[in-house]
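Have a look at the structure below before the remarks.
What's counted below: heavy atoms across the whole structure, side chains too, no hydrogens, waters or symmetry copies. Numbered from 1 within each chain, the chains take letters A, B, ... in sequence-line order.
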Protein chains: 2
Amino acid sequence: MSRAEQKERTRRAIINAAFSQLSADKSFASLSLREVAREAGIAPTSFYRHFADMDELGLTLVDEAGLMLRQLMRQARQRIEKNGSVIRTSVETFMEFVTGNSNVFRLLLRERSGTSAAFRSAVAREIQHFVAELAEYLRKETTCPDELARAQAEAMVTLVFHTGADALDAPASQYAYLTSRTITQLRWLAHGAASYGRKPKEQGPL
Amino acid sequence: MSRAEQKERTRRAIINAAFSQLSADKSFASLSLREVAREAGIAPTSFYRHFADMDELGLTLVDEAGLMLRQLMRQARQRIEKNGSVIRTSVETFMEFVTGNSNVFRLLLRERSGTSAAFRSAVAREIQHFVAELAEYLRKETTCPDELARAQAEAMVTLVFHTGADALDAPASQYAYLTSRTITQLRWLAHGAASYGRKPKEQGPL
DNA sequence: CCGTTTAGCTTACAACTGTTCGCTCATTCT
DNA sequence: AGAATGAGCGAACAGTTGTAAGCTAAACGG
């Protein structure tokens with residue numbers, strides 16, 4: 001086996017070990033270099049042949065997680081073309097991602113407000129992809145001015161993302177409810193932005 | 001000094017030490033019993049005279065943070081009565097809380113998706129107070145049916161809460177923008193729910 | 001084919017961590 | 001006054017952590 005090939009192989013072993021140790025009760029911050037190395041089948045010190053420190057590993061994990069998110073978006077687009085309902089399809093696709101890759105989603109969720117500024121901005125960047133893409137769609141499909149399209153997209157992504165977080169702790173029987181509730185909330189946003197967007201002045205008690 | 005009084009005093013010293021060590025780069029999980037004890041001015045072993053372990057301390061901190069949140073709600077209500085605009089006043093009050101007690105807010109934000117199920121549900125409970133109170137207000141002020149009022153309140157709290165999270169990493173110059181954007185988003189929700197709530201069927205590409 | 005490169009190893013160290021045990025001594029209770 | 005309680009302490013233990021130094025051996029480049 002080629003040398004570079006073997007190196008890449010144990011690099012992947014490290015990454016996979018790290019992902020597999022993430023769970024509901026174990027965040028990236030609570031991983032230890034030694035434990036990861038153990039599961040990857042290498043000596044602790046060999047870790048340094050691949051990453052300068054745990055932070056570098058963490059940023060790699062965030063990048064990979066972001067990659068999965070983008071694949072998800074592509075998949076959602078395909079389903080939308082067949083299905084028609086943008087909101088319903090998007091929310092359902094996202095919920096499937098959350099429940100099917102809960103550890104990956106947890107990584108993004110936690111590091112978004114974690115203790116490393118580098119991690120936080122890396123996650124924020126990945127989420128911005130979502131927002132930008134959705135905002136562009138809204139600009140095309142509606143008559144929304146640019147700035148409002150972005151604000152609307154931000155709100156939608158925030159709602160979907162954090163309903164996903166709720167789903168992590170909810171029993172599976174709640175998924176359907178959470179999904180349909182989120183769909184309703186996004187429709188409210190879309191509807192409100194469409195009819196209210198051009199007169200954002202205060203009126204009434206709200 | 002009375003014995004009970006002295007005990008309460010060092011208990012507070014522990015709690016204060018813990019709060020003061022929380023920061024952008026230090027989460028509760030990364031606090032150490034010994035460091036907290038050091039700052040509180042007691043021996044590490046004396047910690048156990050007040051808390052069974054760090055988790056018990058953590059739950060206490062979450063409770064105190066929840067208390068501050070409720071005081072905040074009370075304060076917001078008073079300001080609303082004078083000011084009139086519910087949404088604007090609520091958002092502004094909350095943003096003041098976030099920027100003025102950022103470590104307290106960070107605790108709630110992080111433990112909401114942290115590694116301890118007990119912490120997660122403790123934080124979730126505190127947030128539910130917000131939601132329940134807002135939902136009741138919506139039921140009174142609007143013609144919304146109960147279930148929709150709750151969904152609307154959940155969406156609003158989620159948006160405000162996580163815009164607060166964004167504010168933590170944003171420069172102070174962005175606060176005004178974040179505040180007004182959130183106000184707009186909440187108005188969209190209110191408006192959309194009011195006019196769209198009674199016919200939640202799919203229509204159009206959204 | 002021989003010298004260089006390098007992934008991976010073993011050993012070792014210093015710095016923490018949480019927690020147990022037994023003691024002191026001021027406050028409290030009887 | 002005398003006994004009991006309990007907050008606080010120091011020493012010690014067993015476990016973990018990250019990381020440095022130096023070696024081996026296999027793949028590589030000339």
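Dense packing is recorded around CD of B:Gln6, with more than 12 heavy atoms of other residues, nucleotides or ligands lying under 6.0 Å away.
Rounded to whole Å, the distance from CZ on B:Phe47 to C1' on C:dT19 is 12 Å. Atom CG of B:Leu57 and atom P of C:dG18 are 12 Å apart (whole Å). Following rounding to the nearest Å, B:Glu8 (CD) and D:dG6 (P) show an atom-to-atom distance of 17 Å. Rounded to an integer number of Å, the gap from A:Arg49 CZ to D:dG22 C1' is 11 Å. Computed from coordinates, the A:Glu5 CD to C:dA7 C1' distance equals 15 Å when rounded to whole Å. Look at CD1 on B:Ile14: it is 11 Å from C1' on D:dG8, rounded to the nearest Å. If you measure from atom CD of B:Gln6 to atom P of C:dC25, you get 17 Å, rounded to the nearest angstrom.
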With the sugar-phosphate defined as primed atoms, P, OP1 and OP2, and the base as all remaining atoms, what B/S/- string results for nucleotides 14-21 of chain D, 5' to 3', for protein heavy atoms under 4.0 Å?
---BBBBB

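Looking at A:Glu8 and A:Arg3, no side-chain N of the basic residue comes within less than 4.0 Å of a carboxylate O on the acidic one, giving no salt bridge. Remark: A:Arg112 engages B:Asp166 in a salt bridge, criterion side-chain N to carboxylate O under 4.0 Å.
Taking 4.0 angstrom as the limit, B:Thr10 places a side-chain polar atom (N or O) nearer than this to OP1 or OP2 of D:dG8. Remark: B:Ser46 is not in phosphate contact with D:dA7, judged by side-chain N or O atoms under 4.0 Å from OP1 or OP2.
The two residues A:Met54 and A:Leu33 have their closest heavy-atom pair at SD-CA, 3.9 Å. Closest non-hydrogen pair, A:Leu59 versus A:Ala122, comes out as CD2-CB, 4.2 Å. Closest of all the heavy-atom pairs between A:Ser27 and B:Thr115 is N-CG2, 3.4 Å. The two residues A:Leu108 and A:Val123 come nearest to each other via the heavy atoms O-CG1, 3.5 Å.
One N or O on the side chain of A:His162 and one on the backbone of A:Thr158 form a donor-acceptor pair closer than 3.5 Å.
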Evaluate ring pair (Phe, Tyr, Trp, His ring centres under 6.0 Å) for B:Phe130 paired with B:Phe161, printing each intermediate quantity in order.
CA-CA 10 Å; B:Phe130 251 92; B:Phe161 204 78; 8.0 Å; no

Stepwise salt bridge (charged side-chain N to carboxylate O under 4.0 Å, His left out) test for A:Glu147 and A:Arg139:
CA-CA 10 Å; A:Glu147 177 52 29; A:Arg139 268 190 286 266; over 6 Å; no

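Residue B:Phe94 forms a side chain to side chain contact (heavy atoms under 4.5 Å, CB included) with just one option from B:Val157, B:Thr89, B:Thr99, B:Leu69, and that option is B:Leu69.
End-to-end axis angle of the helix from C:dC1-D:dG30 to C:dT30-D:dA1, using five pairs per end and rounding to 10°, comes to 20°.
Taking B:Gln78 as the reference, nothing meets the side chain to side chain donor-acceptor pair (under 3.5 Å) condition, with sequence neighbours excluded.
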Please tabulate, for the side chains in residues 11-19 of chain A, all donor-acceptor contacts under 3.5 angstrom to protein atoms that are two or more places apart in sequence or on a different chain.
unit_1: A:Arg12; atom_1: NH1; unit_2: A:Glu64; atom_2: OE2; d: 3.2
unit_1: A:Arg12; atom_1: NH2; unit_2: A:Glu64; atom_2: OE1; d: 3.3
unit_1: A:Asn16; atom_1: ND2; unit_2: A:Arg12; atom_2: O; d: 3.3

Between protein and nucleotides 27-30 of chain C, what N or O pairs are separated by less than 3.5 Å?
unit_1: C:dT27; atom_1: O2; unit_2: B:Arg3; atom_2: NH2; d: 3.4
unit_1: C:dT28; atom_1: OP1; unit_2: B:Arg3; atom_2: N; d: 2.8

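The side-chain heavy atoms of A:Leu109 and B:Ser113, taken from C-beta on, include a pair separated by under 4.5 Å.
Within residues 17-26 of chain B, no residue has any heavy atom under 4.0 Å from DNA chain C.
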